[in-house]
Amino acid sequence: MLEEMFQIVAVGKNNAHHVGAVFRTLYGEDFPVKDVYQPDVLWREIQAEKLTAALALTAEGHPAGYISFFKSAPNFRLWEAGNMLVDPAYAQSDVALELARYYFDPTMCRLTDSDGIFSEAVCCHYFTQVSAIKSGFADCALELDQLDGASFKDGKSNKAGMARVSCVLNFLELSDPVESVYFPDRYNEYLRRLAAPLRPRTFLASTAALPVAGDTVREDKYYDFAKTWKVAVRSIGGDWTTVVQELLAEAVRRQVVSLQVVLNTACPAIGEATELLRRNGFFFGGLAPRWFGTDGVLMQQLFGGEPDYEETKLYSPTAKELMAFIRTDMETL
């Protein structure tokens with residue numbers, strides 16, 4: 001098929017019904033986020049500026065592919081790039097390249113008035129990792145065993161049949177940071193290396209003790225179908241020790257496989273908070289740029305055994321070095 005046969009158009013009220021059609025070609029009715037099958041819900045999300053999406057249409061107007069950008073981080077000025085799908089009937093065409101070109105161009109998809117775009121590129125193939133790097137994104141974190149390998153329905157993405165699939169968090173910054181950031185002393189040097197490709201920041205040493213009063217403020221996202229739990233800690237309170245214990249107990253109860261905690265670098269006590277996490281089995285994940293407006297530091301813990309390192313595909317030197325650093329950090333717990 002020729003590249004000219006495809007037109008990339010924004011999803012709107014009149015064509016939102018095509019989105020479900022694309023998902024059905026791969027998932028039937030089984031995609032875990034049911035919004036994609038509901039045109040009215042999609043349109044409301046677009047109107048609320050929580051979602052922006054595009055379809056690839058053939059010359060005859062048939063939907064051949066889909067991509068979306070949505071708000072998932074605590075910072076509402078961040079967009080996550082996700083859900084790039086191609087109808088298997090067009091797998092040998094250029095539609096994936098056309099979608100990727102749109103996907104990683106903030107001017108084309110009209111996302112320039114934001115703090116940035118991030119994606120969680122899967123580590124069961126190289127395509128999205130390569131596309132991100134070539135489009136100017138920087139690899140910043142590695143989320144181990146984040147996805148259920150059985151959720152890959154196209155028969156190609158997970159050829160190795162991995163039980164769990166890790167993701168590289170990569171980031172394109174589109175505005176200048178305003179606030180200074182505190183980095184934990186243990187990871188200070190490495191976090192600065194991860195931040196080097198981003199816009200300039202002012203770094204401060206985290207020397208403050210944990211607070212003795214106040215409540216920890218956090219936002220949780222639990223993905224039951226993936227057994228992944230993401231916790232974003234906006235501020236650390238005097239109850240931090242109790243919060244960590246409760247998180248671990250609840251993770252066991254829910255049979256979580258991947259527990260991720262992102263700490264706000266605006267917190268002067270992030271160093272002590274990180275050390276407490278390490279004493280409770282958490283290890284390094286990387287940098288989550290602009291997660292709260294300020295950056296975040298990702299710490300993580302796995303409850304399903306060792307990741308499949310041999311089948312985990314990493315493209316950039318940064319991602320490969322980050323994996324080595326993380327494995328060393330795990331071994332020192």
Side-chain angles (χ1 to χ4, degrees), residues 19-38 41-42 45 51 53 55-56 63-73 80-91 95-96 99-100 103 118-132 141-170 220-231 251 254-260 285 298 300-315 319 323:
V19 174
V22 177
F23 277 85
R24 289 185 182 95
T25 65
L26 287 170
Y27 295 94
E29 301 294 334
D30 296 332
F31 191 72
V33 181
K34 301 305 180 185
D35 292 2
V36 300
Y37 301 111
Q38 303 173 53
V41 174
L42 291 176
E45 291 288 293
L51 171 73
L55 287 158
Y66 170 80
I67 56 168
S68 65
F69 302 83
F70 45 90
K71 303 288 181 68
S72 62
E80 178 177 358
N83 291 336
M84 185 168 78
L85 282 81
V86 173
D87 182 332
Y90 301 93
V95 66
L99 287 169
Y103 195 69
F118 70 94
S119 75
E120 295 176 311
V122 294
C123 298
C124 50
H125 62 72
Y126 294 113
F127 180 77
T128 49
Q129 295 181 57
V130 173
S131 298
L142 189 56
E143 301 160 313
L144 295 185
D145 280 5
Q146 176 167 260
L147 302 176
D148 180 3
S151 66
F152 292 81
K153 301 288 188 179
D154 60 4
K156 297 180 181 180
S157 297
N158 191 13
K159 287 182 179 179
M162 299 171 68
R164 302 289 298 185
V165 174
S166 301
C167 294
V168 178
L169 188 149
N170 44 54
D220 297 18
K221 289 184 180 293
Y222 176 58
Y223 303 90
D224 184 50
F225 56 88
K227 297 300 180 186
T228 293
W229 188 10
K230 297 190 174 194
V231 181
R254 289 179 168 179
Q255 298 183 313
V256 167
V257 174
S258 172
L259 173 58
Q260 301 173 12
L298 170 64
Q300 55 192 325
Q301 186 165 166
L302 302 179
F303 298 86
E306 288 282 303
D308 189 345
Y309 296 113
E310 296 303 317
E311 294 294 340
T312 300
K313 300 183 184 299
L314 299 171
Y315 171 70
M323 175 66 92

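Position 1 is the first residue of the sequence, and the numbers go up from there.
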A96 versus F127, closest heavy-atom pair with distance = O-CZ, 3.9 Å

Under 3.5 Å, side chain of S68 to main-chain N/O of G82, donor-acceptor pair present?
-> yes

Whether over 12 other heavy atoms sit under 6.0 Å from E29 CD | yes

With a 4.5 Å limit on heavy-atom distance, are the side chains of D148 and F225 in contact?
-> no

D145: what forms a side chain to side chain donor-acceptor pair (under 3.5 Å) with it, not counting sequence neighbours?
-> none

Any side-chain heavy atom of P88 within less than 4.5 Å of one from T25?
-> yes

Looking only at heavy atoms, what is the nearest atom pair of L147 and C167, with distance?
-> CD1-SG, 3.8 Å

If you look at every heavy atom in L314 and A319, which pair is closest and at what distance?
-> CD1-O, 3.7 Å

Between E80 and S72, does any side-chain donor sit less than 3.5 Å from a side-chain acceptor?
-> yes

Do I67 and N83 pass the side-chain contact (heavy atoms from CB on, under 4.5 Å) test, and can you show the C-alpha distance, the side-chain angles, and the key distance before you say yes or no?
-> CA-CA 5 Å; I67 56 168; N83 291 336; over 6 Å; no

Work out which heavy atom in V256 is nearest to a heavy atom in F303; give both atom names and the distance.
-> O-CB, 3.1 Å

Measure from the side-chain N and O atoms of Y37 to the backbone N and O of F31, and report whether any donor-acceptor pair falls under 3.5 Å.
-> yes

From L144 CG over to E306 CD, what is the distance, rounded to the nearest 0.5 angstrom?
-> 9.5 Å

Answer yes or no: is there a side-chain heavy-atom contact under 4.5 Å between L169 and E143?
-> yes

Considering only heavy atoms from C-beta outward, does the side chain of F69 approach that of L51 to under 4.5 Å?
-> no

Please name all residues satisfying salt bridge (Lys or Arg N to Asp or Glu O under 4.0 Å) with E45, sequence neighbours left out, ordered by chain then number.
-> none

Roughly how far apart are S166 OG and Q300 CD, rounded to 0.5 Å?
-> 8.0 Å

Is any side-chain heavy atom of D220 less than 4.5 Å from a side-chain heavy atom of W229?
-> yes

Kindly say whether V19 contributes a backbone atom to a donor-acceptor pair with the side chain of R24 at under 3.5 angstrom?
-> no

When rounded to the nearest 0.5 angstrom, what distance separates CG in L259 from CG in L302?
-> 9.0 Å

Considering all heavy atoms of both residues, which atom of V95 and which atom of A56 are nearest to each other, and what is their separation?
-> CG2-CB, 3.5 Å

What are the two closest heavy atoms between Y90 and P63, and how far apart are they?
-> CE1-O, 4.5 Å

Rounded to the nearest 0.5 Å, how far does OH of Y315 lie from OG of S131?
-> 9.5 Å

Evaluate the criterion salt bridge (charged side-chain N to carboxylate O under 4.0 Å, His left out) for residue pair K230 and E120; output intermediate values, then yes/no.
-> CA-CA 13 Å; K230 297 190 174 194; E120 295 176 311; 2.5 Å; yes

Can you check whether T228's main-chain N or O pairs, donor with acceptor, with Q260's side chain at less than 3.5 Å?
-> no

Do the side chain of Q129 and the main chain of K313 share a donor and acceptor less than 3.5 angstrom apart?
-> yes

For D224, the side chain to side chain donor-acceptor pair (under 3.5 Å) test, sequence neighbours excluded, returns Y222, K227

Can you find a heavy atom in the side chain of M323 that is under 4.5 Å from one in the side chain of T312?
-> yes

Tell me, do V86 and Y66 make a side-chain contact under 4.5 Å, heavy atoms counted?
-> no

